[in-house]
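Values below: every heavy atom of this structure, side chains too, minus hydrogens, waters and symmetry copies.
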Amino acid sequence: QVQLVESGGGLVQPGGSLKLSCAASGIIFSIYTMGWYRQAPGKQRELVATISSRRNTNYADSVKGRFTISRDNAKNTVYLRMDSLKPEDTAVYYCNADLFISSGSSRVYWGQGTQVTVSS
């Protein structure tokens, strides 16, 4: 079965840093676009960053310049390095794996989420 398991969340002070990891199994990891999404209380889930199989990256404007997404295909793991954290970054962060199949169709998997809390 497919599993995406996030880790690395926790409590951090404003201005601090945190690195999230997502370990994938049950998929051919190297061909999937991997991503991080987040959902704050009372808010819609939003895209944070993606990294394609070719390592092209995409970031939400709100995190651009502060967050870095990367992947290690040998470890079937995608990372999210978060620097200069702000209280508004507080959310549950979800790992996503996405494989394009055809127009309007893709194979998508989600992790269980990991809590990131930015507070003094």
Side-chain angles (χ1 to χ4, degrees):
Q1 71 278 28
V2 176
Q3 287 191 72
L4 303 177
V5 181
E6 301 98 332
S7 61
L11 176 65
V12 65
Q13 294 183 350
S17 297
L18 211 56
K19 190 173 185 177
L20 307 182
S21 299
C22 171
S25 60
I27 62 170
I28 306 173
F29 180 84
S30 62
I31 70 172
Y32 277 75
T33 292
M34 302 300 299
W36 289 95
Y37 292 70
R38 67 186 182 187
Q39 188 166 24
K43 302 281 190 178
Q44 290 246 287
R45 187 173 299 187
E46 64 175 350
L47 183 147
V48 176
T50 62
I51 182 166
S52 74
S53 62
R54 296 165 70 117
R55 290 186 169 85
N56 295 319
T57 58
N58 179 50
Y59 297 92
D61 288 342
S62 59
V63 307
K64 203 168 296 180
R66 299 189 297 121
F67 291 11
T68 303
I69 189 170
S70 61
R71 66 192 296 159
D72 186 339
N73 289 347
K75 296 180 178 179
N76 285 6
T77 300
V78 63
Y79 305 94
L80 184 68
R81 172 75 183 191
M82 303 182 292
D83 296 313
S84 302
L85 282 161
K86 305 173 181 179
E88 50 262 48
D89 295 318
T90 295
V92 177
Y93 283 70
Y94 296 92
C95 181
N96 165 272
D98 191 327
L99 179 67
F100 173 80
I101 298 173
S102 63
S103 182
S105 180
S106 63
R107 185 158 296 164
V108 181
Y109 302 99
W110 293 92
Q112 82 290 342
T114 186
Q115 177 71 48
V116 172
T117 302
V118 184
S119 176
S120 58

In Val63, Ile69, Leu47, Thr50, the residue satisfying side-chain contact (heavy atoms from CB on, under 4.5 Å) with Trp36 is Ile69
Set of residues satisfying ring pair (Phe, Tyr, Trp, His ring centres under 6.0 Å) with respect to Tyr37, sequence neighbours excluded
Trp110
With a cutoff of under 4.5 Å between side-chain heavy atoms, which Ile, Leu, Val, Met, Phe, Trp and Tyr residues group with Ile101?
none
Any donor-acceptor pair under 3.5 Å from Arg66 side chain to Ser84 backbone
yes
Using 0.5 Å steps for rounding, measure from the CG atom of Leu11 to the OG atom of Ser120.
9.5 Å
Can you confirm whether Gln44 is buried at CD, in the sense that more than 12 heavy atoms of other residues, nucleotides or ligands lie under 6.0 Å from that atom?
no
Is there a path of hydrophobic side-chain contacts, each under 4.5 Å between heavy atoms, that joins Val92 and Val116?
no
What's the separation between atom OG1 in Thr77 and atom CG in Leu4, rounded to the nearest 0.5 Å?
10.5 Å
Check: Glu6 side chain, Gly113 main-chain N or O, donor-acceptor pair, under 3.5 Å
yes
Should the pair Arg71 and Phe29 be classed as cation-pi, given the thresholds of under 6.0 Å to the six-membered ring centre and 45° from the axis?
yes
side-chain contact (heavy atoms from CB on, under 4.5 Å) involving Ser25 - partner list, sequence neighbours excluded
Gln3
Could Asp61 and Lys64 be called an ion pair, given the rule that one side-chain N must be under 4.0 Å from one carboxylate O?
yes
Measuring only between side-chain heavy atoms, which start at C-beta, is Thr90 closer than 4.5 Å to Gln115?
yes
For Val108, is there any backbone N or O sitting under 3.5 Å from a side-chain donor or acceptor partner on Ser106?
no
Minimum-distance pair of heavy atoms, taken over all atoms of Ser17 and Asp83
OG-OD1, 2.7 Å
With side chain to side chain contact (heavy atoms under 4.5 Å, CB included) as the test, would you mind laying out the steps for Arg38 and Ser62 before giving the verdict?
CA-CA 12 Å; Arg38 67 186 182 187; Ser62 59; 3.4 Å; yes
Roughly how far, to the nearest 0.5 Å, is the OG1 atom of Thr33 from the CD1 atom of Ile51?
9.0 Å
How long is the span from the CG atom in Leu80 to the CE atom in Met34, to the nearest 0.5 Å?
12.0 Å
So if you build clusters from Ile, Leu, Val, Met, Phe, Trp, Tyr with side-chain heavy-atom gaps below 4.5 Å, do Phe67 and Tyr94 land together?
no
So, the side chain of Thr114 versus the backbone of Tyr93: is there a donor-acceptor pair under 3.5 Å, distance only?
no
What residue pairs, at least two apart or across chains, pass salt bridge (charged side-chain N to carboxylate O under 4.0 Å, His left out) with a residue in residues 11-35?
none
By side-chain contact (heavy atoms from CB on, under 4.5 Å), which residues pair with Ser30, not counting sequence neighbours?
Ile28, Asn73
Hydrophobic clusters here meaning ILVMFWY residues chained together by side-chain heavy-atom distances under 4.5 Å, can you tell me if Leu20 and Tyr59 are in one?
yes
Note: Gly10 and Leu18 closest approach over all heavy atoms is N-CD2, 4.0 Å
Remaining members of hydrophobic cluster (4.5 Å side-chain criterion), Tyr79:
none
Under 4.5 Å between side-chain heavy atoms, counting indirect links through other Ile/Leu/Val/Met/Phe/Trp/Tyr residues: same cluster for Leu99 and Val2 or not?
yes
If Ile, Leu, Val, Met, Phe, Trp and Tyr residues are connected whenever their side-chain heavy atoms lie under 4.5 Å apart, and connections chain through other members, are Ile31 and Val78 in the same group?
yes
